[in-house]
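What follows is one structure encoded as structure tokens, with my remarks underneath.
Letters A, B, ... are given to chains in the order of the sequence lines, protein chains preceding strands, and every chain is numbered from 1. Computed over heavy atoms, backbone and side chain alike; hydrogens, waters and symmetry mates excluded. Note that the coordinates shown come from a computational prediction; the quantities given were computed from them, not determined experimentally.
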2 protein chains.
Amino acid sequence: MNTAAADLDEVAMLDRAWHDVSPAPARRLLIAAVQAFAERGYHATTTRDIATRVGMSPAGVYVHYRSKEELLHRICLIGHRHSLVALRAAAARSTDPEQQLRDVIGDFAAWHALFHTPARVISYELTALEPEHLTEITALRHEMDLLVRATLEHGVEQGVFDVPDIPGTGLALLSLTVDVARWYRTSGRRAPEDIGALYADLAVRMVKTR
Amino acid sequence: MNTAAADLDEVAMLDRAWHDVSPAPARRLLIAAVQAFAERGYHATTTRDIATRVGMSPAGVYVHYRSKEELLHRICLIGHRHSLVALRAAAARSTDPEQQLRDVIGDFAAWHALFHTPARVISYELTALEPEHLTEITALRHEMDLLVRATLEHGVEQGVFDVPDIPGTGLALLSLTVDVARWYRTSGRRAPEDIGALYADLAVRMVKTR
DNA sequence: CGGCATCCTAAGCAAGCGCTTAGTCAGTTC
DNA sequence: GAACTGACTAAGCGCTTGCTTAGGATGCCG
């Protein structure tokens, strides 16, 4: 598949994932912005660049968004809510600690591969947010932390996990999965679910009692 | 310790680590640049900002560097060479696979905590490099990949490691350690060597035959 | 002292930035 | 068909950007 076709696929995928963003031109702008931010970074992206991607004039952006920072803020909010939903769904799928950890880490890693474009933006462009928006997003990230920690504690209580440092190990696990978005390329050999399977396995090895 | 004192400490530490950058004003500029790039990102940093940090006029930067990109390029080169030296020294310290993996991952994770400021720049600002400079740096990063992979292969050959996917596990291990630079704060509870110890332990658990 | 090299600044240029303003135009409503 | 609405553009404003130019200060060497 050539890159143009892959781009179309990604736009279609994000259009489906973000179907609740309306009206359609606002959604198209949001998708254009997330792609531009992911490729060049927030500060290297111009509002003209975003507008051009959807075939609008530079002023068209401001019909739907107050500022460039609002675009980033919306992307971060939607992205974090989206991934938190995925995390919670994964955690609820099983009560067995090992399977739960597999689901949580596997799904979260696969999510970061599949949605590597928004994932890059919401992990590596946070510093461009205004302080109060950053605080809001940090709270969402903290919830992810708590969820992973709870999974580990659950396994320790049942005696199937041996985790001397739960906060540290939780941090490492989240860090590992989040960083998938940095190095993942669609053109690479591994599919998102392959990465999920590998990471789920590594996570279980890290904590399982031997 | 207040942040101003911590800043002074960091400047002193980087001044020692980069003592071979001369003359002194060029080194001071490089340190100011790496701090600014780490705090706000390459594109959000202005050359005026860098100059002001060392008490120079905006034009002072161009006495020592051709462009803002040259500053980033030098930082990336020095940073990668520095960390490669640390990695190789760690790998050479022992021939026992488990101890070697402990040394490699532990030291590399601790390096990313101690030098989180340059580490952030050389991992997350690479896209701002000109293409030929990016190619050069990518080659250095590939060497780290090979080193970690060789450590894993060494352990598998001796039967002490069980690694179904060596490239994938090597990638995950490097990813895990590199990402320390993203979340590490000097004000946090863990010292660099604590993070190194935790990560060395997690790495061994990930690959050890059971 | 003069000659020279090093290091730096004052001033500013051309280009590009985020965002605004005033107005156009298609579609809907009555 | 007149009145209104929402989506969009042409033009451009005020400011900042990376970088240049011309020249000044300082210290070293004979």
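- Of the residues in residues 60-78 of chain A, those placing a heavy atom less than 4.0 Å from an atom of DNA chain C are A:Tyr62, A:Ser67, A:Lys68, in numerical order.
- Donor-acceptor pairing under 3.5 Å is recorded for the side chains of A:His73 and A:Glu136.
- Among C:dC19, D:dC19, D:dG18, the nucleotide with an atom closest to any side-chain atom of B:Thr46 is D:dG18.
- Rounding to whole angstrom units, CE of residue A:Met56 and C1' of D:dG6 are separated by 12 Å.
- Side-chain proximity of A:Ala59 to D:dC19, D:dT21, D:dA11: nearest is D:dA11.
- Checking B:Ala26 against B:Arg48, the closest nucleotide of DNA chain C that is more toward the 5' end is the one next to B:Ala26.
- When side chains are defined from C-beta on, B:Leu173 does not count as touching B:Val104, because their heavy atoms never get closer than 4.5 Å.
- For the residue pair A:Glu69 / A:His133, a side-chain donor-acceptor distance below 3.5 Å is found, with atom types taken as modelled.
- Aromatic pair B:His154/B:Phe161: ring centres not closer than 6.0 Å.
- Dashed line: the shortest gap from a side-chain N or O of B:Ser57 to OP1 or OP2 of C:dA10 is not under 4.0 Å.
- Rounded to whole Å, the distance from CG on B:Leu29 to P on C:dT9 is 10 Å.
- Checking side-chain atoms of B:Thr45 against main-chain N and O of B:Ala36 turns up a donor-acceptor pair under 3.5 Å.
- No side-chain N or O of A:Asp194 forms a donor-acceptor pair with one of A:Tyr199 less than 3.5 Å apart.
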